[in-house]
Amino acid sequence: MTVAPAAVSSARFSAQIRSQALQTRIMELILERGLDVGDALPTESELSAELGVGRNTVRESLKVLQALGVIEIRHGFGMFVAPNNFSALVSGLTFRGRLSLRHKGEEAMELIDVRQALESGLIGSAINLLTEEHLADLRSTMQSMQDAAAKGEPLAEHDAEFHRRLYAPLNNELLINLMDVFWQVYRQIHEALGSGPVNLEEQVQIHWDIYEAVASRDKALASERLQRHFDGIRLKLKDVAAS
């Protein structure tokens, strides 16, 4: 007897729902037991017995949680709560952004919007907590960027470091991790668009302008100049949308 395609599709959907429910239950178990980063999880056999499902089903859910960065599996040692790991998020967002370039680039533009909103929205709070030491670190980063530009070297790493130090006063590890995620996604989308000739001096000046606004504690100007930082990639994405 041939199984109807609709029935097959429904069965797959139900299996997916059950798998997601099991993944959620394992994460809840981690929290209920008070496990922290680096702590060992129960074995597959123990999870299978406690959750009332087969070992193969547990194993598949654990693989998904590993891919999501929730746990890490060390073969021969066991399974452990993973440290902060945003690599899965980077991969997923980069894929969606680059895939959108085949069409109108809408998702790529949305990713740029999020990063821009994050940076320009928080710059005022960073300025409130800015110290002379923070400013010295920023200026040192700018000097390194300027020296690299004078040698004709790529500025990507100096650019990323500048933005990390810009928000260092907030002392927010999650924010810095998220900014690194959006930076990596931004960089890969930028490369996928095709770099073309880059005016290194202009790039350096854009960052000096941001630095000067921050150093003068001018929140509105700093926010405005941060938004202008994204003008180049926005123009490229508009070209994609128009093509």
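- Applying the side-chain hydrogen bond (donor to acceptor under 3.5 Å, both in side chains) test to pairs two or more places apart or on separate chains, those with a residue in residues 171-185 are Arg164-Asp180.
- Under the rule for a salt bridge (charged side-chain N to carboxylate O under 4.0 Å, His left out), the partners of Glu60 that lie at least two apart in sequence or sit in another chain are Lys63.
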Show, in sequence, the C-alpha distance, side-chain angles and deciding distance for Asn128 and Lys219, and conclude whether the side-chain contact (heavy atoms from CB on, under 4.5 Å) test is met. CA-CA 9 Å; Asn128 286 338; Lys219 299 177 185 178; 2.6 Å; yes
When the side chains of residues 95-102 are checked against the rest of the protein, which donor-acceptor pairs come out under 3.5 Å, sequence neighbours left out?
| residue | atom | partner | partner atom | Å |
| --- | --- | --- | --- | --- |
| Ser100 | OG | Gly97 | O | 2.7 |
| Ser100 | OG | Ala108 | N | 3.2 |

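- Scored by the salt bridge (charged side-chain N to carboxylate O under 4.0 Å, His left out) test, Glu28 finds Arg25 as partners (sequence neighbours excluded).
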Contacts under 3.5 angstrom, residues 150-160 side chains, donor-acceptor by atom type, not counting sequence neighbours:
| residue | atom | partner | partner atom | Å |
| --- | --- | --- | --- | --- |
| Glu157 | OE2 | Arg187 | NH1 | 2.7 |
| Asp159 | OD1 | His163 | NE2 | 3.0 |
| Asp159 | OD1 | His207 | NE2 | 2.9 |

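- Taking both residues in full, the closest heavy atoms of Ser19 and Ser61 are given as O-OG, 3.8 Å, listed atom of the first, atom of the second, then distance.
- For the ring-ring contact (aromatic ring centres under 6.0 Å, His included) test, residues two or more places apart in sequence or in another chain that qualify with Phe230 are Tyr186.
- Residue Val204 comes nearest to Ala149 through the heavy atom pair CG2-CB, 3.6 Å, listed as atom of the first residue, atom of the second, then distance.
- Here the shortest heavy-atom pairing between Ala222 and Ile123 reads CB-CG1, 4.0 Å.
- With hydrogens and angles disregarded, no donor-acceptor distance shorter than 3.5 Å links the side chain of Thr94 to the backbone of Ser91.
- Heavy-atom minimum distance, Ala126 versus Leu166: CB-O, 3.7 Å.
- Other cluster members for Leu221: none, since no ILVMFWY side-chain heavy atom sits under 4.5 Å from it.
- Grouping Ile, Leu, Val, Met, Phe, Trp and Tyr residues whose side-chain heavy atoms lie under 4.5 Å apart, directly or via other members, places Leu47 in a hydrophobic cluster with Leu22, Ile26, Met27, Leu29, Ile30, Leu35, Leu41, Leu51, Val53, Val58, Leu62, Val64, Leu65, Leu68, Val70, Ile71, Ile73, Met79, Val81.
- Contact of the Leu135 side chain with the Arg139 side chain is not registered, since no non-hydrogen atoms from C-beta on lie closer than 4.5 Å.
- Between Gln146 and Gln143 there is a side-chain heavy-atom pair separated by less than 4.5 Å.
- The stretch residues 53-80 participates, sequence neighbours left out, in no ring pair (Phe, Tyr, Trp, His ring centres under 6.0 Å) pair at all.
- Take Glu50 and apply the salt bridge (charged side-chain N to carboxylate O under 4.0 Å, His left out) test, not counting sequence neighbours, and it matches Arg33.
- Heavy-atom contacts from other residues, nucleotides or ligands closer than 6.0 Å to CD of Glu212 number more than 12.
- Residues Ile176 and Leu170 form no side-chain contact, since every pair of their non-hydrogen atoms from C-beta on lies 4.5 Å or further apart.
- With no hydrogens or angles considered, a side-chain donor-acceptor pair links Asp209 and Gln205 at under 3.5 Å.
- When all heavy atoms of Gly54 and Ser48 are compared, the closest pair comes out as C-OG, 3.6 Å.
- Interatomic distance, NZ of Lys236 versus CG of Asp231, reported as 13.0 Å (0.5 Å rounding).
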Does the side-chain contact (heavy atoms from CB on, under 4.5 Å) test come out yes or no for Met145 and Met142, once each step is laid out? CA-CA 5 Å; Met145 183 186 292; Met142 281 307 311; 4.0 Å; yes
Taking only distance into account, with no hydrogens and no angle test, what donor-acceptor pairs under 3.5 Å do side-chain atoms of residues 109-116 form with protein atoms, sequence neighbours excluded?
| residue | atom | partner | partner atom | Å |
| --- | --- | --- | --- | --- |
| Asp113 | OD1 | Arg234 | NH1 | 3.2 |
| Asp113 | OD1 | Arg234 | NH2 | 2.4 |
| Arg115 | NE | Glu119 | OE2 | 2.8 |
| Arg115 | NH2 | Glu119 | OE2 | 3.1 |
| Gln116 | OE1 | Arg234 | NE | 3.0 |
| Gln116 | OE1 | Arg234 | NH2 | 2.9 |
| Gln116 | NE2 | Gln227 | OE1 | 3.3 |

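- Partners of Tyr211 according to the ring-ring contact (aromatic ring centres under 6.0 Å, His included) rule, which considers only residues two or more places apart in sequence or in another chain, are Trp208.
- Across every non-hydrogen atom of Arg217 and Ile127, the tightest pair is CG-CG2, 3.6 Å.
- With values rounded to the nearest 0.5 angstrom, Leu138 atom CG is found 8.0 Å from Arg165 atom CZ.
- One finds the OG1 atom of Thr57 at 11.0 Å from the CD atom of Glu44 (value rounded to the nearest 0.5 Å).
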